[in-house]
There are 2 protein chains.
Amino acid sequence: MSADAGTPPAARPLRADALRNRRRVIEAATEAFARSGIAVPMDEIAESAGVGVGTLYRHFPTKEALFAAVVRHHLEVLVDEARRLQGADDPGSALFAFFGRMVEEASSKQDVVEALNQAGVDFKSASGDLKKEFSAAVAALVQRAREAAAIRADVEDQEVLSLLAGACMATAHLGTGAECRQRVVQVICDGLRSPTAATP
Amino acid sequence: MSADAGTPPAARPLRADALRNRRRVIEAATEAFARSGIAVPMDEIAESAGVGVGTLYRHFPTKEALFAAVVRHHLEVLVDEARRLQGADDPGSALFAFFGRMVEEASSKQDVVEALNQAGVDFKSASGDLKKEFSAAVAALVQRAREAAAIRADVEDQEVLSLLAGACMATAHLGTGAECRQRVVQVICDGLRSPTAATP
DNA sequence: CAGGATACGGAACCTCGGTTCCGGTTGTCA
DNA sequence: TGACAACCGGAACCGAGGTTCCGTATCCTG
């Protein structure tokens, strides 16, 4: 795992203790945001990281910047996953696998759900490119699935994205168990299969 | 439309201007919450109602109480709709019709989405009974559809509720148009149809 | 090891939004 | 119409949480 996630300019040596603290902060923030979303107070993150709030702001100019950094990392993982699946044999299974993976991921990461939902975060300037990358990666999966007639032809990329987001939000908020989550995904994926080209 | 929505104790005459203001407040709050969800400031509601904040608090003890009253009204409408549909000829169409209706409703009512999502509001004590009523009404629709084999047998009531909520959240937040909304609903409804008992 | 730059902690500051309070106003009733 | 009670407006109050500031501690270099 790239522990330097969130060090765009680089080039600067960065003192030893500073680097240690930065890592602690990212770790604590990742945990806190995953648990309670962006609503978690900065003080709380600082405390669980074992540093003062000042240190948080020395590494990230604003709370949203910290949030964006954390979410960006999660999204990167998902984009990687999507790209890996683009090379899969069965485009249909690939898309559906991603669907399941994503929902499972979101179920334990409140921040991802909120980011998907744009709740409160700017998330456009901060990680606009990545968001675009994410959409593009999913769109590619959809495209391949559509060409293989693995999904119905009358749904746009946008709709699949919406369904993805909806599935994440629904399963993340309503107290649903793992198997419940899977069935929800199953229903949506079945719905996505072309009615004229259902599994034989 | 029952304009007195939110007058549980009643029995008190309530002065003329007070009644007028109460209606204005509810109207303004309904509009404001629908537009921006519970995040809208009380001051703003007061202003657009043409009253002072004090008046808001004279009629509703707390912001959440006001929010709950507004949401309660929306839910009542939906519960009525669900009950009406319970008597429909085709249980499958009834459920799917409700699905579409609900999503359409939520698409213009941010507050309903948030209530569904439990975002911030207590919503349990305030309108707990109604929430239960709502769930029950939907469950009844699901039950009938299941008995008529109009939907697959392997989904629980809870999952349908989740799918409903997910559809609302997805379509409400991501800037999706009306036709896009319909396709999303279509996909989910198709997914809900029993794979072994699809439309002939 | 000394000197200076770099970081740190966390109290103080500021803004925002819910809630309260009270002097003034308005409806109602005799 | 006069008097009282019910209401009203909106300034003031308060707590929460993001952000800033500065004296102090720590790290690195010569």
For this session: Answer yes or no: does atom CD of A:Glu27 have more than 12 heavy-atom neighbours from other residues, nucleotides or ligands under 6.0 Å?
Result: no

Exercise. Just how far, in rounded Å, is P of D:dT20 from OH of A:Tyr57?
Worked result: 8 Å

Exercise. Just by distance, do the side chain of A:Thr171 and the backbone of A:Ala167 share a donor-acceptor pair under 3.5 Å?
Worked result: yes

Problem set entry | Gap between atoms CG and P, on A:Leu56 and C:dG9 respectively (whole Å) | 10 Å

Exercise. If the sugar-phosphate is the primed atoms plus P, OP1 and OP2 and the base is the rest, what is the B/S/- string for nucleotides 24-30 of chain C, using protein heavy atoms under 4.0 Å?
Worked result: --BSS--

Exercise. Would one find a side-chain N or O of B:Asn21 under 4.0 angstrom from OP1 or OP2 of D:dC8?
Worked result: yes

Exercise. Are A:Thr62 and D:dT19 close enough that a side-chain N or O sits under 4.0 Å from OP1 or OP2?
Worked result: yes

For this session: Measure the distance from CD1 on B:Ile38 to C1' on C:dG18 and round it to the nearest whole Å.
Result: 11 Å

Exercise. Tell me: CZ of B:Arg22 to P of D:dC8, nearest whole Å?
Worked result: 11 Å

Exercise. Minimum heavy-atom separation for A:Phe134 to A:Leu78, with atom names?
Worked result: CE1-CB, 4.1 Å

Exercise. Over how many whole Å does the gap from B:Lys63 atom NZ to C:dC16 atom C1' extend?
Worked result: 11 Å

Exercise. Which sits closer to the 5' end of DNA chain C, A:Gly50 or B:Pro61, going by the nucleotide each is nearest to?
Worked result: A:Gly50

For this session: Output yes when at least one side-chain N/O atom of A:Thr55 is less than 4.0 Å from OP1 or OP2 of C:dG9, else no.
Result: yes

For this session: For A:Leu66 and D:dG17, give me the distance from atom CG to atom C1', rounded to whole Å.
Result: 15 Å

For this session: Write down the atom of A:Ala82, the atom of A:Leu141, and the distance for their closest heavy-atom approach.
Result: O-CD2, 3.9 Å

Problem set entry | Between C1' of D:dG17 and CD of A:Glu64, the distance in whole Å | 14 Å

For this session: Assign each of A:Arg58 and A:Ala39 to its nearest nucleotide of DNA chain D by heavy atoms, then name whichever residue's nucleotide is nearer the 5' end.
Result: A:Ala39

Exercise. Would B:Arg152 and B:Arg193 satisfy side chain to side chain contact (heavy atoms under 4.5 Å, CB included), going step by step from the backbone distance to the final call?
Worked result: CA-CA 5 Å; B:Arg152 55 204 296 171; B:Arg193 280 182 237 281; over 6 Å; no

For this session: Report the distance from atom NE2 of B:His59 to atom P of C:dT20, rounded to the nearest whole Å.
Result: 16 Å

Exercise. Have A:Gln182 and A:Gln186 got a donor and an acceptor in their side chains that come within less than 3.5 Å?
Worked result: no

Problem set entry | B:Val187 versus A:Ile188, closest heavy-atom pair with distance | CG1-O, 4.0 Å

